[in-house]
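Each ligand, and each atom within it, is numbered from 1 in the order the structure gives.
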Amino acid sequence: MIVSLAGGVGAARFLTGLVRVVPEEELVIIVNTGDDIELHGLHISPDIDIILYTLAGIVDEEKGWGVRGDTFNCLKFLAKLGCETWFKLGDMDLATHIFRTNLLKRGFKLSEVVDDIRRRFGLKVKVLPMSDQRVETRIVTDIGELHFQEYLVKRGASDRVLGVKFAGIEEAEPTPGLIESILEAEAVVVCPSNPIVSIGPILSVKGVREALLRSEAKKIAISPIVAGRPIKGPADKLMQGLGLEVSAYSVAKLYSDFLDVFIIDQADIDEKDRIERLGIKVISTNTIMRDLKDKVNLAKVVIEQVRGSRNQIL
Ligand code: FO1
């Protein structure tokens, strides 16, 4: 079994390749829920939806989120009613949020709802939200504390970052089966996701970091930073705000207590020695996923580190 720790768009792109290299039934994806937000009375789980839509082949690939070909009639009507519409919820996407919110209100757990949607989408891969309890990523900025989506989407990541908080993390239990999956995994793959707000919350859930340290699984991460810049999203601003250097090395350092192998882009080959001095094996390859071939190749590089030669893969 291969376990992945995942955020949104970067993770989803990588996982598109992984499901073509490893049978879906052998995959468990642990997903960040710190980005979840309640809007219009609905529970939105952006990272989970991005992964489910992407693996189901219905994501809007240009944006990396939302449903391909979606319309925004409901949102336009909400605007007429005086509602805030900075978070662009499409009509088809809204169906997912209505469905999820309804089940949550009836007492189902988020992990049960996600599993239900996953099955209805015809996916065999196991998708586990990091916790069934609410955790909210809050960005401390020069204008005050903001929900992550307000910081990123509403205000365009324009405020100076002073800190990051995961509200509710102390009370959040890992979802049933999450810790066991890490302990029993053949490999744990940290997707090329934001290390602060996507992977950070997962690693902060009770028992997760300890399980990674205890597990005999090979732990592999892919750098989301290439040539000193994130491929997508505000990782640079968040890392700078926390006083971290924006580099592949800096990401490796955040994972260095549990990591065995770090995959960096060939553009960052100069960082290899410094990362290896952290006691981590470094592989450099093309990590920029422009098309399906790039995604599959990156997945093969990862699986080669677990199962050996490329010929043994699938
Ligand atoms: N990202 C945006 O930049 N603007 C949006 O209006 C937006 C809407 C949205 C709706 C549903 C959904 O599942 C995701 C959405 N995202 C949007 C993406 C999302 O906010 C972030 O990319 C993730 O939270 C980061 O992992």
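Comment: Arg120 engages Asp116 in a salt bridge, judged by a side-chain N to carboxylate O separation of less than 4.0 angstrom. Comment: Arg214 does not engage Glu210 in a salt bridge, judged by the lack of any side-chain N to carboxylate O separation of less than 4.0 angstrom. Between Glu26 and Arg307, at least one side-chain nitrogen of the basic residue sits less than 4.0 Å from a carboxylate oxygen of the acidic one, meeting the salt-bridge criterion. Ion pairing of Glu245 with Arg274 is present here, as a side-chain N (NZ or NE/NH1/NH2) and a carboxylate O approach within less than 4.0 Å. By the 4.0 Å N-to-carboxylate-O rule, Lys154 lies close enough to Glu84 to be salt-bridged with it. The existence of a salt bridge linking Lys218 and Glu186 is excluded, since no basic side-chain nitrogen approaches an acidic carboxylate oxygen closer than 4.0 Å.
Between Gln149 and ligand 1, a contact under 3.5 Å exists for at least one N or O pair. Between Lys88 and ligand 1, a contact under 3.5 Å exists for at least one N or O pair.
Counting atoms of ligand 1 from 1 in the listed order, those under 4.0 Å from a heavy atom of Asp35 are 23 (C), 24 (O), 25 (C), 26 (O). Using a 4.0 Å cut-off to heavy atoms of Val153, the atoms of ligand 1 that qualify are 1 (N), 2 (C), 3 (O), 4 (N), 5 (C), 6 (O), 20 (O).
The single protein non-hydrogen atom nearest to atom 21 (C) of ligand 1 is Leu152 CD2, 4.1 Å, given as residue, atom name and distance. Of all protein heavy atoms, the one lying nearest to atom 22 (O) of ligand 1 is Ile50 CD1, 4.2 Å. Residue, atom and distance of the protein heavy atom nearest to atom 10 (C) of ligand 1 are Phe87 CE2, 3.3 Å. The nearest heavy-atom contact from the protein to atom 13 (O) of ligand 1 is Pro46 CA, 3.4 Å.
Within the structure, the closest approach of Asp93 to ligand 1 falls below 4.0 Å when heavy atoms are considered. Residue contact annotation: Trp86 has a non-hydrogen atom under 4.0 Å from ligand 1.
The part of Asp47 lying near ligand 1 is the side chain, judged by heavy-atom distances below 4.0 Å. Contacts between Trp65 and ligand 1 below 4.0 angstrom, taking non-hydrogen atoms only, involve the side chain exclusively. Contacts of Lys63 with ligand 1, taken as heavy-atom pairs under 4.0 Å, are absent altogether.
Between Ser131 and Thr33 the shortest heavy-atom distance is O-OG1, 4.3 Å.
Remark: Lys165 NZ is loosely packed, at most 12 non-hydrogen atoms of other residues, nucleotides or ligands lying under 6.0 Å away. In the displayed structure, Lys206 atom NZ is contacted under 6.0 Å by more than 12 heavy atoms of other residues, nucleotides or ligands.
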